[in-house]
Amino acid sequence: MSEEKSLHFIEEIIEGDLAAGKHQSIITRFPPEPNGYLHIGHSKSICLNFGLAKKYGGTTNLRFDDTNPVTEDTEYVDSIKEDIKWLGFEWSNEFYASDYFDSLLEFAVQLIQKGLAYVDDSSSEEIAQLKGTPTESGKDSPFRNRTVEENMALFMAMKEGKYKDGEKVLRAKIDMTSSNMLMRDPIIYRIKHAHHHRTGNKWCIYPMYDFAHGQSDSIEKITHSICTLEFIPHRELYNWFIEKLEIYPSHQYEFARLNMTYTVMSKRKLLQLVNEGHVTSWDDPRMPTISGFRRKGYTPNSIRNFCDKIGVAKRENLIDLSLLEFCLREDLNTTAKRVMAVLDPIKLIITNYPANTSEILQSENGPDETMGNRDLHFSNELWIEREDFMEEAAKKWFRLAPGAMVRLKSAYIVRCDSFEKDAAGKISAVYCTYFPESKSGSDNSGLSVKGTIHWVSVAHAATAEVRLYDRLFRVENPSSEEGDFKDYINPHSLEIIPNAYIEQSLLSADLNDRFQFIRKGYFCLDKDSTKDRLIFNRTATLKDAWVKEVKKG
RNA sequence: UGGGUUAUGGUGUAACGGUAGCACUACAGAUUUUGAUUCUGUCUGUCUAGGUUCGAAUCCUGGUAACCCAACCA
């Protein structure tokens with residue numbers, strides 16, 4: 001009895017191709033432009049391309065689409081490689097479109113010789129003018145009928161640097177009346193006297209995306225070139241070049257990109273968030289970048305599972321952030337080490353426990369017994385969470401209140417006898433008696449309580465900064481709202497707690513560790529931490545049935 | 001009075017002419033030394049109007065809606 005998981009449309013295409021003997025094995029590629037940081041949407045593409053190759057015994061190339069020297073930089077190359085590796089994938093080859101500049105030039109020459117490309121002296125405004133609109137067809141350029149010899153000479157002169165930026169372009173000679181705007185004699189080479197991050201100053205002409213991507217696929221013998229829906233109109237051109245150049249016929253397939261609630265995904269918008277200071281950096285834990293999720297404490301496993309669950313199809317989608325959070329909690333629940341930390345403290349004083357003494361208690365590190373135990377210091381003065389005490393108990397309140405009993409996690413049951421307020425009327429301390437015979441693990445008190453709360457011994461607590469992150473936007477789909485998307489930024493997306501009390505075991509926390517602060521959420525150490533000042537990021541909250549109870553009234 | 005793509009619960013995704021399924025969310029309950037986890041259950045769906053067929057989410061025809069295409073960006 002094996003449960004068959006149905007195939008998505010790209011898997012069906014691949015299985016069909018394999019079954020028909022069209023390919024012996026497949027080759028895919030992940031083709032980022034090194035001009036920015038990868039975001040969660042890219043991880044869908046990464047998981048798809050690498051996942052397909054893995055599933056069908058093929059290989060995947062990492063290819064940087066670096067045909068525009070003015071926007072690209074090695075800084076981005078490095079971060080992209082780091083992010084892919086972190087997600088857990090290995091590429092077979094690391095290629096660059098710029099590796100193929102010589103071949104691409106040769107392809108352009110072939111097109112000219114076949115009378116399928118020409119040099120146009122028009123300005124970009126003139127070219128745009130003659131291009132027409134989606135509803136009106138375009139008109140031929142006055143330079144469209146130059147001879148092969150003239151085009152050859154002109155193109156070589158472009159290459160030699162005889163012209164300034166914008167003076168001339170090389171265009172494919174296709175059809176100015178096509179209903180597909182991309183077929184109206186697309187520009188394939190432009191002049192840019194710019195330094196390229198890999199080829200330096202060798203070139204002053206650079207191929208456009210459409211004259212580089214498909215050919216690069218072909219050179220690498222990519223069998224299935226997978227991209228997002230907005231490239232559908234490019235497919236006709238992609239195939240045209242392959243046909244006219246008579247090169248290896250890679251095929252392009254398109255799927256719907258990932259959109260997610262409470263965030264934005266476009267590079268332009270993410271850039272604005274960084275540049276205008278709404279977040280601190282590209283790897284700010286509120287950013288939907290892979291580096292942002294990493295810094296926030298997400299695991300590669302959770303992101304891969306997420307990408308697996310969202311599926312691959314061709315319709316526009318807006319995935320619930322709660323699905324990503326589910327995948328995260330599913331992973332962290334089994335792996336995160338349980339610890340105690342008090343974020344908003346009030347003091348609990350045990351009046352019948354001897355002062356100036358302490359004992360060491362054992363607490364389990366996690367639900368799995370193999371995770372072992374750790375030591376906890378217990379004494380007569382403890383920090384507990386302010387929200388775990390109520391002056392007048394609400395109905396269904398299981399926590400501390402005058403006369404009520406709770407268990408201190410991994411320690412004793414206590415009963416609240418009284419409390420104290422400061423001048424401002426805020427609770428400053430609660431006084432309890434404890435039941436020595438209720439000690440965790442050897443409880444023979446006969447008492448039973450409904451609530452268990454976390455705590456840290458005042459005399460033994462360490463302190464740390466804790467950063468509580470919430471969703472970056474107040475609305476599900478900021479991009480579809482009226483006005484500017486930035487008007488919908490959540491003003492409370494970050495709350496900083498300068499001095500939380502943490503148990504001592506956290507002093508040896510490592511950047512790779514994942515913790516559950518019991519009852520408070522999942523946390524990890526932030527890279528801003530120093531030896532003297534630890535900083536923890538909240539990765540996610542725990543589900544909280546009590547807040548629902550409160551909302552019900 | 002252009003072309004292209006897509007329409008299945010609140011969200012995402014299956015069903016390939018034959019029982020509308022799965023996951024997330026929401027809600028209710030059980031268990032719980034985390035109001036977590038786990039377990040059980042409940043609600044909600046085939047864009048629309050016709051047609052073909054014993055039988056239609058699926059095929060046909062006509063509507064409707066959303067998204068994409070007019071960078072020397074990718």
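Lettering of chains follows the sequences in order, A, B, ..., and the numbering in each one begins at 1.
Heavy atoms of A/Thr135 sit under 4.0 angstrom from at least one base atom. When heavy atoms are screened at a 4.0 angstrom cut-off, A/Phe326 is found touching the sugar-phosphate backbone but no base atom.
Between B/U8 and B/C16, the two C1' atoms lie 15 Å apart (nearest whole Å). Comparing the P positions of B/U19 and B/G10 gives a spacing of 23 Å, expressed to the nearest Å. B/U58 sits 14 Å from B/A20 when the P atoms are compared, rounded to a whole Å. Rounded to whole Å, the P atom of B/U46 lies 10 Å from the corresponding atom of B/A57. Across B/A14 and B/G9, the matching C1' atoms stand 14 Å from one another, rounded to whole Å. B/A26 and B/G45 have their C1' atoms separated by 16 Å, with the value rounded to a whole Å. Comparing B/G18 with B/C59, their P atoms sit 11 Å apart, to the nearest whole Å. As rounded to the nearest Å, B/U31 and B/A49 have P atoms that lie 48 Å from one another.
Taking only side-chain nitrogens and oxygens, A/Lys548 comes nearer than 4.0 Å to OP1 or OP2 of B/C27. In terms of phosphate contacts, A/Lys552 brings a side-chain nitrogen or oxygen within less than 4.0 Å of OP1 or OP2 of B/A28. Contact annotation: A/Lys543 side-chain N/O to B/U25 OP1/OP2 distance is under 4.0 Å. Distances shown here put every side-chain N or O of A/Lys131 at or beyond 4.0 Å from the OP1 or OP2 atom of B/C69. When the side-chain nitrogen and oxygen atoms of A/Arg190 are compared with OP1 and OP2 of B/A74, one or more of them lie within a distance under 4.0 Å.
With a cut-off of 3.5 Å on both Watson-Crick or G-U wobble distances, the partner of B/A26 is given as B/U42. Remark: B/U64 base-pairs with B/A7. Criterion, Watson-Crick or G-U wobble with two distances under 3.5 Å. Look at B/A70: it lacks any Watson-Crick or wobble partner with both distances under 3.5 angstrom. Base pairing of B/A36 is not made with any nucleotide, judged by Watson-Crick or G-U wobble geometry with both donor-acceptor distances under 3.5 Å. The nucleotide B/G21 finds its pairing partner in B/U13, both defining distances of the Watson-Crick or G-U wobble pair being shorter than 3.5 Å. Pairing of B/C59, defined by two Watson-Crick or G-U wobble distances under 3.5 Å, is identified with B/G51.
Distance, A/Asn477 CG to B/C67 C1': 13 Å, rounded to whole Å. Rounded to an integer number of Å, the gap from A/Asn180 CG to B/G3 P is 12 Å. Going from atom CZ of A/Phe9 over to atom C1' of B/U6 covers 11 Å, rounded to whole Å. Counting to the nearest Å, the P atom of B/G35 and the CG atom of A/Asp544 are 9 Å from each other. To the nearest angstrom, P of B/U37 lies 13 Å from CD of A/Glu325. What separates CZ of A/Phe30 from P of B/A74 is a distance of 16 Å, to the nearest Å. Rounded to whole Å, atom C1' of B/A14 lies 13 Å from atom CD of A/Glu11. One atom, NE2 of A/His234, and another, P of B/G4, lie 16 Å apart when rounded to the nearest Å.
Residue A/Asp65 has its side chain nearest to B/A74 when only B/A74, B/G12, B/U13 are considered. Of the candidates B/C72, B/C67, B/U34, B/C72 carries the atom nearest the A/Ile127 side chain, counting heavy atoms from C-beta on. The A/Met208 side chain lies nearest to B/A74 when the options are B/U34, B/A74, B/C24. The A/Ala313 side chain lies nearest to B/U13 when the options are B/A70, B/A74, B/U13. Of the listed nucleotides (B/A74, B/U25, B/A14), B/A14 has the atom at the smallest distance from the side chain of A/Arg315. Comparing B/A36, B/U33, B/A23 by their closest approach to the side chain of A/Lys409 singles out B/U33. Distances from the side chain of A/Phe398 to the nucleotides B/C72, B/G35, B/U37 place B/G35 closest. Taking every side-chain heavy atom of A/Val169 into account, B/C72 is the closest of B/A14, B/C72, B/G12. Ranking B/A26, B/U33, B/U5 by closeness to the A/Ile232 side chain, first place goes to B/U5. Side-chain proximity of A/Asn317 to the nucleotides B/U34, B/C68, B/U13 is greatest for B/U13.
Between A/His8 and A/Phe255, the distance separating the two ring centers is not shorter than 6.0 angstrom. Ring to ring, A/Phe378 and A/Trp455 are close: their centroids are under 6.0 angstrom apart.
Counting atom types as modelled, A/Ser322 pairs no side-chain N or O with a base atom of B/U25 as donor and acceptor under 3.5 Å. Donor-acceptor pairing under 3.5 Å, judged by distance alone, is present between the side chain of A/Gln516 and the base of B/U34. A donor N or O paired with an acceptor N or O is found under 3.5 Å between the base of B/G10 and the side-chain atoms of A/Asp320. Between the side chain of A/Arg399 and the base of B/G35, at least one donor-acceptor pair of N or O atoms lies under 3.5 Å. Side chain A/Arg329 to base B/U37: no donor-acceptor pair is found below 3.5 Å.
Of the candidates A/Asp121, A/Asp140, A/Asp120, A/Arg146 forms a salt bridge (charged side-chain N to carboxylate O under 4.0 Å, His left out) with just one, namely A/Asp121.
Of the two residues near RNA chain B, A/Ile319 and A/Arg519, the one whose nearest nucleotide lies more 5' is A/Ile319. Along RNA chain B, the nucleotide closest to A/His213 and the one closest to A/Glu316 are compared, and the more 5′ of them pairs with A/Glu316.
Between A/Glu220 and A/Arg63 there is a salt bridge, with a side-chain nitrogen of the basic residue lying less than 4.0 Å from a carboxylate oxygen of the acidic one. Look at A/Arg407 and A/Asp443 and you find a salt bridge, because one of the NZ, NE, NH1 or NH2 atoms lies within 4.0 Å of a carboxylate O, short of that distance.
Summarising the geometry of A/Pro207 relative to A/Thr67, their closest heavy-atom pair is O-CB, 3.3 Å, with the distance given to 0.1 Å.
Distance check: A/Ile46 CD1 to A/Ile290 CD1 gives 4.5 Å after rounding to the nearest 0.5 Å.
By the 6.0 Å contact criterion, CD on A/Glu369 is open, its count of non-hydrogen atoms from other residues, nucleotides or ligands being 12 or less.
Note: A/Tyr501 and A/Trp383 have parallel aromatic rings, judged against thresholds of 30 and 60 degrees for the angle between ring planes.
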